[in-house]
Amino acid sequence: MSSSKNSLANKAQAWSARFAEPVDELVQRYTASIGFDHRFALVDIEGSLAHAEMLAKQKIISAADLADIQKGMAQIKGEIEAGQFEWQLALEDVHLNIEARLTALIGDAGKRLHTGRSRNDQVATDLRLWLRSNIDEIQGSLTALRSALLNLAETHAATIMPGHTHLQVAQPITFGHHLMAYFEMFSRDASRLADCRKRMNRLPLGAAALAGTSYPIDREWVAQKLGFDGICTNSLDAVSDRDFAIEFCAFSATLMMHVSRLSEELILWLSPRFGFIDLPDRFCTGSSIMPQKKNPDVPELARGKTGRVYGDLIALLTLMKSQPLAYNKDNQEDKEPLFDAVDTVQDTLRIFADMIPHIEVQKAVMQAAAEEGFATATDLADYLVKKGLAFRDAHEAVAHAVKACVGRKCNLTDLNLSELRFACGLDTRADLISEDVFPLLTVTGSVQSRQHPGGTAPQQVLAAVQRGRAELKL
Ligand code: ARG
């Protein structure tokens, strides 16, 4: 980036003759946004072209001016894409850099581009255009992740694993069902993102600095040209609020919270103490000192990066909260947190969509873990209720049986019929427990019996996968 004396002169021009001396060098660096807002370059040009076309259509500028602007912008776009554009710190931001180059290339027509416009409505438009295309990309990556979860859930619709509460084995579930829980979370995230896009997709241009403009502009035409669903209907609101960026970061924070929970589970499952899954080496790293280590760096970093995305949300909320209407320079600080959230979410989703299909499941280890810890105790209680016992009494009877098994260091399924009746304290009530109890006490019998929408039975998992596919139009 250049900051030559020559560009200082440019800057004085960009702002008008109001200033008697050049801005202090540190102030220049402090106030410039070109170091990061050059990411808006292409949408800035797109917005300017739509504005210029509208100005010509409304006879505010001539057709010849428009032609010059189009030619100049095409060249600038080429220079930017080729990495040849020289961004100048002295020209403060992406908008002034492009405008200065345009004027250098085409002369007077370049100076007419800013008619009826301010950087305030220009930057608000750039933000929305830029975020909109990133939302569309992120929505695509989120679909890829959800589809990867659906496929893995289908493969493991009947794979038994222990379901946990308080990180203790609670009841047997299917791995497919567990994965579908994340599918649900990510589906709600996708709908939050779609919602955010819908509210955001309004055109700020025409608001000018804050009060609108006296030129006979056609805002609806520009809105349509740029793919907006309509215009921002209040000029002060259009240039000053960044709630759409806040909504995006709120979506991002919630999504990352979900990703982080999944990551935490992957880390646990990968630890040799669980040993439920394995991940291909390309998603892990080794230790520089312990040759035996294979560390789950991707999920750990995703869990860690969740914190910075929360930070992005808090930064934007705090940035906004004390600003009087309308535009304040504070708003220049909206970009870096937003860029950070977009980049983090995009990278995370891409890596996870790529990694999920490669999770290798150690089925035998998962099933053995589900068989520990009296995971089917509730099934025995439910069985007794179906035979006529009140649930609280059944709960009590099974608690006795579990206690007896703990003493004998065995499982409920290791008891024979009369031992089970005795352990439950129900030896005088032979009618309550018969041989048909034993299939229900197996982990397979337990998951099979949960046959209702939202239940963990393999058929229900497959039905949920079908619903998911329909939702994703796969
Ligand atoms: N770089 C500025 C920003 O990001 C553009 C708007 C400048 N407007 C102004 N009135 N100084 O917000």
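Values in this document were obtained by computation on a predicted structure and should not be read as measured data. Order of listing sets the numbers, starting from 1, for every ligand and every atom in it.
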Roughly how far, to the nearest 0.5 Å, is the SG atom of C249 from the CG atom of L316?
->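 Result: 4.5 Å between the selected atoms.
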In Å and rounded to the nearest 0.5 Å, what is the CD1 to OG1 distance from I34 to T31?
->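 OG1 of T31 is found 12.0 Å from CD1 of I34.
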Looking only at distances, can you tell me whether any N or O atom of [X], backbone or side chain, sits closer than 3.5 Å to an N or O atom of ligand 1?
{"X": "K329", "result": "no"}
{"X": "N331", "result": "no"}
{"X": "H95", "result": "no"}
{"X": "E92", "result": "no"}

Ring centroid separation F283 to F352 under 6.0 Å =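 Between F352 and F283, which both carry aromatic rings, the centre distance is not below 6.0 Å.
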Of R39, K335, R308, R350, which meets salt bridge (Lys or Arg N to Asp or Glu O under 4.0 Å) against D343?
->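 Output: one option passes, namely R39.
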After noting the C-alpha distance and the side-chain angles of Q224 and E220, does the key distance pass the side-chain hydrogen bond (donor to acceptor under 3.5 Å, both in side chains) rule?
-> CA-CA 6 Å; Q224 208 176 10; E220 293 290 351; over 6 Å; no
Anything under 30° is parallel, anything over 60° is perpendicular, the rest tilted; go ahead and classify [X] against [Y].
{"X": "H38", "Y": "W87", "result": "tilted"}
{"X": "F274", "Y": "H164", "result": "tilted"}
{"X": "H178", "Y": "Y182", "result": "tilted"}

For [atom], find the nearest protein heavy atom and state the residue, atom name and distance (0.1 Å precision).
{"atom": "atom 5 (C) of ligand 1", "answer": "D93 OD2, 3.5 Å"}
{"atom": "atom 10 (N) of ligand 1", "answer": "N120 OD1, 3.0 Å"}
{"atom": "atom 1 (N) of ligand 1", "answer": "Q332 OE1, 2.8 Å"}
{"atom": "atom 12 (O) of ligand 1", "answer": "Y327 OH, 2.4 Å"}
{"atom": "atom 11 (N) of ligand 1", "answer": "R119 NH2, 3.7 Å"}

Would you please determine whether K335 falls within less than 4.0 Å of ligand 1 on a heavy-atom basis?
->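 The answer is yes, since K335 has a heavy atom less than 4.0 Å from ligand 1.
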Which of the atoms of ligand 1 are close to S33, meaning less than 4.0 Å from one of its heavy atoms?
->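 Counting atoms of ligand 1 from 1, those under 4.0 Å from S33 are 1 (N).
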